[in-house]
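See structure below.
Just so it is clear, the model here is predicted, and its values are computed rather than measured.
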Amino acid sequence: MLWVGLSSCPVFGFLIASLLCVSPLPLSKPGGWRRNLHPLKVFFGSILFFILFLATAPLAFLGFLLWAPLQACRRPFYYHWEAPSSPEQESHRGFELEGKASFGFATANLCLLPDSLARFNNLGHTQHRATAIGQRVMQGVCQPNIQIFVDSPSSSGALSLSTATTPTAAGRHTQNFVNQGSDEGADPSVSNPGSHVISVACDDAVDSPSPLLNSNQNSNQEDGVNHQTAPGAFPSQGLHQQDHVPWAVSSMFPANVDILCLEEVFDKRAAKKLTKALRPRFGHILYDIGVYACQPPCRCSSFKFFNSGLFLASRFPVLEAQYHWFPNSGGEDALAAKGLLSAKVLIGQNKKQRRVVGYFNCTHLHAPEGQGEIRCEQLNMVTKWIGDFQAANRDPDEEVVFDVLCGDLNFDNCSPDDALEQNHCLFEEYKDPCRAGPGKEKPWVIGTLLEQPTLYDDDVNTPENLQRTLESEELRKQYISPPVPAEGCPLVYPSVGQPWVGRRIDYILYRENSISKHCQTEIEELTFITQLAGLTDHIPVGLRLNVIMDPVHDDV
């Protein structure tokens with residue numbers, strides 16, 4: 001019994017809140033925001049939960065007194081390593097063979113909190129959602145990588161389109177996944193995804209609208225891919241080329257994601273379910289990242305009930321990792337140890353047998369609106385901590401091929417209320433592919449924060465439906481969170497002749513001045529992903545970078 005008390009201590013207060021809040025906070029359903037509650041059930045249920053609280057509180061408090069001092073010896077994360085089936089599974093031969101390679105990154109906020117707290121975001125069933133999310137991510141990243149050749153008057157050549165695979169099963173169980181008999185899903189089998197080439201005749205440009213792909217066309221067959229496709233079959237899954245950024249709205253995660261960053265994975269059981277689902281593809285996983293209990297300077301506001309919620313899954317071995325927590329959080333955010341995780345990963349070798357590495361950073365900033373000063377201070381810390389980490393771990397004999405920063409920054413680039421953060425010097429160091437300038441998004445950008453009351457509406461409750469909705473500006477206005485006006489100023493948005501852009505608070509940024517001088521970087525694909533429709537209130541984002549080593553400088 002004492003062990004039960006110890007294990008429950010980090011979230012003792014929230015465990016009680018879960019018991020008290022499960023009945024009053026039901027999930028919304030299609031066609032209604034809240035279910036009607038039976039008054040007698042609420043009354044007697046509350047009495048029962050209160051009795052349970054009084055009976056278990058003394059034991060839990062004793063466990064709490066023993067647990068809190070032990071957190072001073074706790075390491076800041078768990079590291080799970082899965083033995084690869086082959087050396088190629090956790091390395092990249094591109095630089096060794098050809099001097100060029102591409103790398104895929106993705107980020108998503110999952111809201112995997114204890115059920116009572118997740119319900120405030122109109123989400124619940126945390127353990128079931130964790131299992132379903134892991135299965136869907138694996139379904140996407142393990143799909144074959146398809147090359148599409150487009151014949152049109154304005155574009156030609158090969159497009160590397162990892163999102164072109166037919167989303168046959170991605171959205172089948174969005175609404176009924178909570179009825180699954182078991183929390184544990186079978187791990188998807190992983191094989192080295194092949195690369196397929198499909199020729200598509202097209203009379204219009206790549207970004208021209210066309211009907212959706214029929215789910216019976218181009219489906220994966222037992223012996224490969226069916227190559228008989230109708231003209232113009234891939235519009236919603238195809239790449240749009242604008243502002244020198246190839247982008248797409250995809251109903252599946254891009255194939256061959258190398259590093260995955262997740263936020264708000266606060267629940268430890270949910271983190272373990274994600275680890276079990278993702279480990280066949282991502283052999284190196286960091287989770288339960290953060291600190292607990294009272295932290296220096298040992299004020300009440302520095303007591304942490306939750307970890308950072310960060311979760312990092314990498315196909316490449318992690319050579320070094322370091323975590324810092326933000327000391328300036330306030331309000332409800334101060335209960336969680338939000339911060340920055342910096343990692344150095346081993347990619348492989350180049351032609352001259354020099355070690356090739358990459359830097360990957362993930363973070364989750366302060367959430368409440370109207371508190372840009374706190375977020376700016378945290379961005380200052382992020383900039384300093386990344387610089388310190390790379391200075392301490394850089395080896396002059398290594399080749400650095402990417403430096404990526406991603407996560408939920410909790411501010412956007414279109415709201416007047418976020419003007420302070422939009423002008424931060426971080427964006428002078430790191431490139432944002434979606435940003436036209438401070439406070440101005442590129443016209444094709446899609447917001448990543450969904451309106452919580454409408455998460456289960458028909459237009460957004462499956463990956464395919466959400467994909468269609470995001471491709472329509474009028475529908476996006478109904479389901480994507482709008483910009484936030486500055487205090488005391490009415491919002492006039494958008495400007496005349498400008499498109500409506502919702503709040504994009506999930507970022508993937510990359511830096512070029514910190515990588516090896518003879519490396520050249522270009523964006524292969526930026527993706528807004530709808531595969532987690534109905535499982536989270538955020539839209540995941542993916543980015544694929546091409547890195548080419550200049551052979552002239554490489555020989556020097």
Side-chain angles (χ1 to χ4, degrees), residues 1-65 67-68 110-133 173-183 264-270 273 300 303-306 309 331-336 367-369 450-458 460-461 534-537:
M1 291 295 290
L2 180 59
W3 173 250
V4 173
L6 283 168
S7 63
S8 64
C9 285
V11 290
F12 166 65
F14 297 106
L15 177 61
I16 301 303
S18 295
L19 294 174
L20 296 175
C21 291
V22 165
S23 292
L25 290 174
L27 298 178
S28 68
K29 299 296 180 184
W33 169 229
R34 297 292 184 201
R35 291 197 303 257
N36 292 326
L37 298 174
H38 197 288
L40 290 178
K41 289 184 179 179
V42 174
F43 177 74
F44 288 109
S46 299
I47 292 177
L48 175 62
F49 293 143
F50 185 69
I51 292 173
L52 292 174
F53 167 75
L54 293 178
T56 58
L59 182 61
F61 183 69
L62 175 61
F64 174 82
L65 293 179
W67 166 83
L110 303 184
C111 195
L112 291 176
L113 289 151
D115 272 3
S116 65
L117 299 181
R119 286 169 184 260
F120 282 100
N121 288 0
N122 199 23
L123 294 163
H125 308 284
T126 294
Q127 305 308 317
H128 293 285
R129 282 195 298 119
T131 299
I133 287 169
H173 56 285
T174 299
Q175 303 227 25
N176 61 4
F177 73 94
V178 294
N179 296 322
Q180 296 172 350
S182 171
D183 287 355
E264 291 198 13
V265 187
F266 291 112
D267 189 278
K268 290 184 182 180
R269 287 192 297 155
K273 292 179 188 296
C300 291
F303 195 95
K304 305 301 178 184
F305 282 98
F306 287 112
E332 66 273 16
D333 259 32
L335 300 175
E369 297 175 0
L450 293 167
E451 292 279 42
Q452 294 165 357
T454 57
L455 288 179
Y456 305 105
D457 284 10
D458 288 341
V460 294
N461 65 358
L535 300 176
T536 179
D537 56 350

Inset, instruction - Without swapping roles, check the side chain of Arg119 against the backbone of Gly124 for a donor-acceptor pair under 3.5 Å. - result: no
Legend entry - Those residues that, when tested against Thr536, pass side-chain hydrogen bond (donor to acceptor under 3.5 Å, both in side chains) (two or more places apart): none
Inset, instruction - Please round to the nearest 0.5 Å and tell me the distance separating atom OG1 of Thr56 and atom CD1 of Ile51. - result: 12.0 Å
Legend entry - Side-chain donor/acceptor of Asn121 to backbone N/O of Leu123, under 3.5 Å: no
Inset, instruction - Just jot down the salt bridge (Lys or Arg N to Asp or Glu O under 4.0 Å) partners of Glu451, sequence neighbours excluded, or say none. - result: none
Legend entry - Inter-residue atom distance Arg129.CZ - Leu113.CG, 0.5 Å rounding: 8.0 Å
Inset, instruction - Kindly indicate whether the side chain of Phe306, heavy atoms from C-beta on, has any atom under 4.5 Å from the side chain of Leu117. - result: yes
Inset, instruction - Hey, could you give me the OG1/CG distance between Thr126 and Leu110, rounded to the nearest 0.5 Å? - result: 10.5 Å
Legend entry - Spacing of CG belonging to Leu112 relative to CD belonging to Glu264, to within rounding of 0.5 Å: 8.5 Å
Inset, instruction - Indicate yes or no: at least one non-hydrogen side-chain atom of Asn122 is less than 4.5 angstrom from one of Asp537. - result: no
Legend entry - Minimum-distance pair of heavy atoms, taken over all atoms of Ala336 and Phe266: CB-CE2, 3.8 Å
Inset, instruction - Can you measure from NZ (Lys273) to CD (Gln127) and round to the nearest 0.5 angstrom? - result: 5.5 Å
